[in-house]
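Working notes, structure below.
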Amino acid sequence: FVKRGDGLMRVLKMLLLGLTGAVLAHVPASYADEARDLMQKVLEGVPKVPFSAKIKLTSDRGWERSVTILRAHQEDMEKIYLEVSAPNDMKDTRFLLFDRLNGKDEQWMYVPAMKRSVQLNNQTRKQEFLGSDFAVADLVRPELDAYAYKLVGEETLEGRVCQLVESLPKNAADEIYSKSIIAVDPKDLLIVRTLLFGSDNRPLKSWTIDKYEKKDGYWTPLDQRMVNLQNNRWSRIELLDVKYNAELPSDAFNKSYLTR
């Protein structure tokens, strides 16, 4: 369940890598190819079967949001539907995300107070998701070739030997983060941690997957946390009632479903 600029997760120790960029700038092409191939395998490893779950979104500010998520794949597109059920002042806020492997992604939001849906633009995508430390853009899968990759090290995290992959957007003006350093377990093809950098090339957020568990044979990120490194605030996503091969409403991914 993770996404743009994914996914899914990043690290404080990687601050040192931000200081060694000049040394790593001339990485052999084979390292870049290996890094891209690893990220491609991670993205392709996301289950393609219909999926549903409940999201418990909490933060250090003491609030809690309850959200339903539905996800399905159709050819080269991932479709995600999100609906807020609590608290009352956010109830019935809905999102519909079309995440295309090739071509332009779309994000729509239904605003109950306006009683209509609006398409999210690049600036809106950079905003907080339901007041959390996650951005709307974090919810969608990154387009593989919109980024340049290279291997920048190795680290053992939570008992997993991870490859560290630096990801640089090819069109930085369109992105919320200037780069990311992603810790990937190449054995199970899981993202364990990611450090997200701001426009000043300093670490902005740390995104960690604190608990993976197999559900119906699929590795599932049950507990993940985003920490804002500027103010130490954090938000947490827990997945509950996870179902793969779920029966989903036939019209859940139509725009009309947002305004029903």
Side-chain angles (χ1 to χ4, degrees), residues 1-4 6-9 47 50-72 78-99 106-120 123-141 176 205-213 215-216 218 220-228 231-260:
F1 159 70
V2 226
K3 296 314 208 126
R4 177 185 297 273
D6 346 31
L8 295 162
M9 302 130 215
F51 169 89
S52 69
K54 303 293 185 184
I55 295 174
K56 180 181 177 182
L57 177 62
T58 55
S59 83
D60 64 308
R61 278 82 88 194
W63 51 252
E64 180 177 326
R65 286 85 162 95
S66 299
V67 184
T68 296
I69 178 172
L70 310 177
R71 187 181 69 199
E78 182 179 65
K79 300 176 287 187
I80 299 172
Y81 173 82
L82 299 158
E83 181 171 332
V84 181
S85 56
N88 283 335
D89 61 345
M90 291 185 175
K91 190 176 185 299
D92 293 332
T93 301
R94 300 164 187 151
F95 296 84
L96 183 58
L97 314 175
F98 297 113
D99 185 9
E106 293 180 60
Q107 294 95 29
W108 294 81
M109 178 181 179
Y110 174 73
V111 184
M114 299 170 59
K115 297 190 183 301
R116 68 184 182 92
S117 60
V118 294
Q119 186 170 7
L120 304 183
Q123 290 306 311
T124 310
R125 287 177 47 252
K126 297 176 182 180
Q127 294 180 2
E128 299 171 342
F129 174 63
L130 300 178
S132 74
D133 298 287
F134 293 89
V136 174
D138 295 327
L139 305 181
V140 294
R141 171 182 58 185
I176 183 173
K205 296 179 184 179
S206 173
W207 187 358
T208 59
I209 302 295
D210 297 326
K211 181 180 181 182
Y212 273 109
E213 191 173 295
K215 297 285 188 180
D216 298 326
Y218 298 107
T220 305
L222 294 182
D223 193 346
Q224 51 191 302
R225 186 183 301 257
M226 184 75 85
V227 178
N228 186 321
N231 55 24
N232 292 322
R233 292 190 178 280
W234 56 263
S235 298
R236 180 185 183 193
I237 287 179
E238 297 172 83
L239 286 187
L240 311 169
D241 194 21
V242 173
K243 295 178 182 176
Y244 290 97
N245 293 301
E247 292 188 14
L248 307 180
S250 59
D251 56 349
F253 304 105
N254 296 334
K255 293 174 188 174
S256 59
Y257 196 72
L258 287 173
T259 57
R260 70 189 189 282

Distance-only check: which donor-acceptor pairs under 3.5 Å involve side-chain atoms of residues 108-119, not counting sequence neighbours?
from	atom 1	to	atom 2	distance (Å)
Trp108	NE1	Glu106	OE1	3.0

Task: Result of checking Asp133, Asp223, Thr58, Asp210 against Arg236 for side-chain hydrogen bond (donor to acceptor under 3.5 Å, both in side chains) - done: Asp223
Task: For Phe253, the option from Leu97, Ile80, Leu96 that meets side-chain contact (heavy atoms from CB on, under 4.5 Å) - done: Leu96
Task: Pair Asp60 + Arg233: basic N to acidic O under 4.0 Å - done: yes
Task: Arg61 vs Ser235 side-chain heavy atoms within contact, under 4.5 Å - done: yes
- [ ] Would you mind reporting whether Lys215 and Leu222 have side-chain heavy atoms less than 4.5 Å apart?
- [x] yes
Task: Closest approach of Pro87 to Glu64 (non-hydrogen atoms, all atoms of both residues) - done: CD-O, 3.7 Å
- [ ] Identify which one of Lys91, Arg260, Arg65 satisfies the salt bridge (charged side-chain N to carboxylate O under 4.0 Å, His left out) criterion when paired with Glu83.
- [x] Arg260
Open item on the list: Counting only heavy atoms not in Lys56 (residues, nucleotides, ligands), do more than 12 fall under 6.0 Å from its NZ?
Closed with: no
Open item on the list: Taking the ring centre of each residue, are Phe95 and Tyr81 less than 6.0 Å apart?
Closed with: no
Open item on the list: Could you tell me if the side chain of Tyr212 sits less than 4.5 Å from the side chain of Gln224, heavy atoms only?
Closed with: no
- [ ] For the pair Trp207 and Phe134, name the ring-plane relationship: parallel under 30°, tilted 30 to 60°, perpendicular over 60°.
- [x] perpendicular
TODO: Assess whether side-chain contact (heavy atoms from CB on, under 4.5 Å) is satisfied between Trp234 and Ser132, documenting all intermediate values.
DONE: CA-CA 8 Å; Trp234 56 263; Ser132 74; over 6 Å; no
Open item on the list: Contact between Leu248 and Phe51 at the side-chain level, heavy atoms closer than 4.5 Å - yes or no?
Closed with: no
Task: Any side-chain heavy-atom pair of Val67 and Ile69 under 4.5 Å - done: no
Open item on the list: Between Ser52 and Tyr244, do the side chains contain a donor N or O and an acceptor N or O under 3.5 Å apart?
Closed with: no
Open item on the list: What I'd like to find out is whether the side chain of Lys54 reaches to under 4.5 Å of the side chain of Thr68, using heavy atoms alone.
Closed with: yes
Open item on the list: Do Asp216 and Asn245 make a side-chain contact, defined as non-hydrogen atoms from C-beta onward lying under 4.5 Å apart?
Closed with: no
Task: Flag side-chain contact, heavy atom, 4.5 Å: Leu139 against Phe129 - done: yes
